[in-house]
Amino acid sequence: MKILSPEPIRTKPRAILFDLDDTLYGYERPHRRAMDAVREKVRRTLSVEPGPFDEAFLTARAEVKRQLGETASSHNRLLYFQRTIELLGLSSQPAIALDLEQTYWRTLLTNARLFPAAEETLIELRAAGLPLALVTDLTAQIQFRKLVYFGIDRYFDAVVTSEEAGVDKIGLKPFNLALAKLGLGPNDPVWFIGDSDADVVASKRALNAATFQKTPDGSPSWRVHDGVDATFHSFAEFRDWCRTVITAG
Amino acid sequence: MALIPHELLRDRRFLAGLLLRLAAILLLVPRMQPDWSSLFQWDAPWSGDEGVDPLDSLYGPVMVALKAPFTAIGTLADSLLGTGHSLTRFALGLGLIIVDYALLLVLRGLYRDSEDRVVLYYWLSPLVLFIVYWHGQADLLPVLLTAASLLLLRRSRPRAAGAMLGLAVATKVSALAVLPFLLIFLWSHRRYRDTVPGFALACGAVILVLLGPWMVFATEMRQMLAAGGELHRVFNLTIHLGEGQRLYVIPIAYLLLLYGAWHVGRMSFNLLYTVLGTAYLVLLLLTPESGGWYLWLVPFLLSYQLRAGRSGVALTYGFAGVFILLKLLVAAAPAVPLLGLEPVPKGPTGLAPEPSQLATALLSMFVALGGILNITMLRRGFGENDFFGIARQPLAIGIAGDSGTGKDTLALALGGLFGEGAVTGISGDDYHLFERRGKLWQAFTHLDPRANDLEAFSRDALSLIDWRPIMCRHYDHATGLFTPPRLIRASDVVLVTGLHALYAPALRAQLRTAVFLDMDEGLRRFFKIRRDVHQRGHTLEKVVASIERRRADYEAFIRPQREHADVVFSLLPADPELIRDFDHMGPVPLKLRVRLRNPIGLDRLARLLIALCGAQVDVAPAMGSAAAEIVVDGNDVQPEDIHLTALQLVPELEELLARNPAWQTGITGIMQLVVLQQIAELAPKRR
C-alpha cells in the first residue's frame, strides 16, 4: 500500500465504487486462454489458421471500436467475431459468431480467479456498513454473468454498466448514475478502486472521488496514474489499511 | 524470457529460490559433485575412502546428453581462462538448476490448481535445496522425467508418457520401480486400460534403443544395469532365519506394496500419488543411508503437502528437518573454495559430546516421523479421496418414472459419460411378467407391481452392485416378446432403470443416487394424444380413457417413489398455451424443473448454469416441507458448455468419466450435470 495523497483518504467514505476487470480479478491470463480456445475452434470449424484469424480479428475490433466510440457495444465480442468472420470472407454467420462468443466467455470465466482476499475485502467493507457499487464498462449481460460466476453479486448495492449508462466510464455518466443509485449527493465523499488511467481520471472528475489504483503486483515498474491518491497490489494489504481508516472514522 | 512464466518472474519467492541456487553452485562444492572425467558419472566422492558406493552415482545416456553441452562449454572456458575446473563445475551446476526449474514447471502442471503453493513447497523446499545443492545428489533428472511422464499421462498422452518414463529409466535404472505401479494404475481403471499397450511399448522401445547400444560398448553402463542403480541396495537389508537362511526385506516390502496397489484397484491420480509416495517412503525408511530415494519422494510429498492442512505441512517440514540434521551430522559438508574452506569429512563433527548417540537418536526420530508421515499420507489419501469412496464398488444410479418421461434417454446420456464397457444396466421392462399379448394386461397396467417380477429385479440389481454377473431375459419392444436369458456382467457403473427402480427399500439403500423422472401432466397428455391420435390413429376418447386408467396406477405405485429420490426431474412446457392445441405438430420447447432432496450445491449449480451456459434459471429455496428447486430454460446450451461447467462443478469426478465423455445438448446435458453433482454430493455421506 502506497499512500500518495493522505488528505482525500483520511476519512471514512460514504460509499466505495469498484471497477471489475483487472481490479477484482486478473483479466489477461483468462483472456489469453479464451482467445486460444476461439482460435482452435475457428481452425477446426472454419479451417482458418490462427495467423489470418488474428489479423482479421484485430482489424474487426478496430473497426467496431471506431464505429461505436466509447460505448458498451464497442467492447462487444459478438460484434468483433461477427465482423471477423465477415472479413474472412464468410458472410455474417450469426450461429458461428454466437458460438465463438460463448466459447470465449465460458473459457474466460472458467479460467478467471478473483484476486486473493478480494472477496474477503468486500465482505468486510459490507460488514462495516459501507455501501458498495460496481461501475464497469461493457455490456450488462456479460458483466452480470461474471458477478454471478464469482458469487460476488451479493455484496454490491448498485451495479452500473456502460450499457446501462449509454456511455463508457470515460464519459462520466456511469459514475453519476452509481451515485444516484446509492442515494448519495455530489458532495458525499466516495472512494473509487480501479486499474486504468481513464477510470481514475473520470472518477475524480465526476465525483471528486478519492482514487486507489490496483496494480498487478508490487513491482515499482507500474506507472502510477496522474491524480491517484494511493496504490496497492494486494487486497489483504488494502483491507488491513481500510480497517484503520474505517474503524477510526 | 518466455521460458519463465510472467507470474514466476514477479514472484519474490521464486527469485529468492533462484538466487539461493545460484549462490550454492557458485560457493559450494559438495562432497558428491558433478564429475567431468566420466560421462556416466555425476557424483564423484571427494576422496575414495568415505564409503560412498560409486554405483550410486552412475547414470545412463540421458544424463550424458545433459552433461555434454555444459561440460564442453565449461571445459572450454576453463582452458581459455586457466581456471582449473571451476567453470566446468559451475556450468554443470547451471545444468542442474535448469533441470530443477524444469521440475518446478512440471510440478506446477501436475498440481495446476495449486501453482502458487508449488513454488513455496517445492522451489523453497529445504529438502530439495539440501539434497541437491549441499549434498550434491543429481537424481533430479530421472525424477523430472518420471514426473513429466505422470503429467503426460494426466494429459491423456499415454505413448509420450511411456517414452518419458523410458527416458527416466535410461537415465537411472531405479526409475523402473515406478513402472509396475503405473501399469497397475492404468490397467485397473477402465478409462485408461486401452492405453496400457501404447504406454508399455513406448517405454520399452525407448529403454531398448537408449540402453541397448551402451550395454555393448560401455563398461560403466553394464555395471549400472547389473547393479540396477540404487536398486542393488535392496538386497542389503535381510532377516536371518537361522541355519544360513535369510529373507530379503525390501523385495518383500516392494511386492506387498504392489499387491496393495493392485488391491486398491481403480485409483484417481491423487490416490496414485499417495500410493507412489508411500512406496518411496517405505523404501526410504528401510534404506535410510541411500541418498537417491529422497528426491524421488519429493513430487509425492508435495502432493500430500498441497492437500494436507497445516499439521500435515508441519509434519513434512519436521521430517525434512530431522533428515537434514542427521545428514549434517553424519555426512561430509561441502567445501567452499572461494572462502578457502575445505570439506568437512564424514563422521564426528564435534557438534555434540557423543555424536554417534545423537546420530542414532536422530535416525530413530527420522524413522518414527517417516512412519507417522506414511500413515497420515495413507489415511488422507484414502480417507479424504472422494474418488476412492466412489470407486470401491460400482456406482449404482437408479432412474424411476412413468413411461415416456425419458428414462432411457437419461440412461443413455449417463452411459455416454462413463463410456462403453464401463456401464452395465438393468431395465424394469425385462421383468414384466407377461408378454405383450398376455391376457392379464387387461387386468393390470404395467405400472402395477403385481405385473412385474420386482423381487427378481431387485435381486439382479443388487447382484450387479455386488460385482456379480446375472442372467437376464430381454423384453423386445419391437415384437412384444422376451428373448432367451443372456449374461450381463457387472461393471463400474450400474444403471437401474424402470417404472419401479426406486420401489424396493433394499435396492434403494444400495443406490448411490436415486433419480425420479416426472412430467407436467398437461405435457404428458399432449404428447400421448398427439402420438396416439395423429400417428397411431386411435380415437381421442379411447386415448383419454387409457390415460385415466393408467393415472390411478401412476398415483398409487409410481408417483410415491418421488419421495425416495435424491433428485426429481420434471419436464415442463416452456409455453403452456402451445400444448393446449393437440393438433400442434411442431417442436415443443421445454423447461426442466430440478428438485433436490439435498439442496447443498444447488445455488452453485444455478450460478454456473447462468454464468457459463448462459441458461435462464429460477431458484426457489427449500420452504418448510417443500424441497429446493430450480427451473432451467436451457435448450440452447451446448455440450461444450456442459463439459466446462462439469469441470468447475465436480472436478473430482472427472477421472470417473470416460476420457471423452459424450456431453449432451440442452436439457439432457443439464440432467447429466445434476446427476454428476448429486453423485459428488452424496458420495461422502454414504461412504
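Note that the structure is predicted; figures quoted are calculated from it, not measured. So that the names make sense, note that chain A is the first sequence line, chain B the second, and so on, each numbered from 1.
No hydrogens or angles considered: nothing links the side chains of Asp99(A) and Gln638(B) as a donor-acceptor pair under 3.5 Å.
For residues 28-57 of chain A, a heavy-atom distance under 4.5 Å to chain B picks out Arg29(A), Arg33(A), Lys41(A), Arg44(A), given by residue number. Within residues 111-140 of chain A, no residue has any heavy atom closer than 4.5 Å to a heavy atom of chain B.
For the residue pair Asp603(B) and Arg154(A), the shortest heavy atom distance occurs at OD2-NH2, 4.2 Å. Shortest non-hydrogen contact noted between Val148(A) and Arg607(B) is O-NH1, 2.9 Å.
Going from atom CG of Asp641(B) over to atom CH2 of Trp105(A) covers 14.5 Å, rounded to the nearest 0.5 Å. Atom SG of Cys613(B) and atom CZ of Arg106(A) lie 8.5 Å apart (nearest 0.5 Å).
Among Leu98(A), Thr107(A), Asp153(A), the residue making the largest number of heavy-atom pairs under 4.5 Å with chain B is Asp153(A).
Two residues are said to be in side-chain contact when any heavy atoms from C-beta on lie closer than 4.5 Å; Thr110(A) and Leu612(B) meet this criterion.
In this structure, chain A has a heavy atom under 4.5 Å from the side chain of Gln648(B), while its backbone stays farther away. Heavy-atom distances place both the backbone and the side chain of Leu644(B) under 4.5 Å from chain A. In this structure, the portion of Leu147(A) lying under 4.5 Å from any heavy atom of chain B is its backbone and not its side chain.
More than 12 heavy atoms of other residues, nucleotides or ligands shown are found within 6.0 angstrom of CG on Leu19(B).
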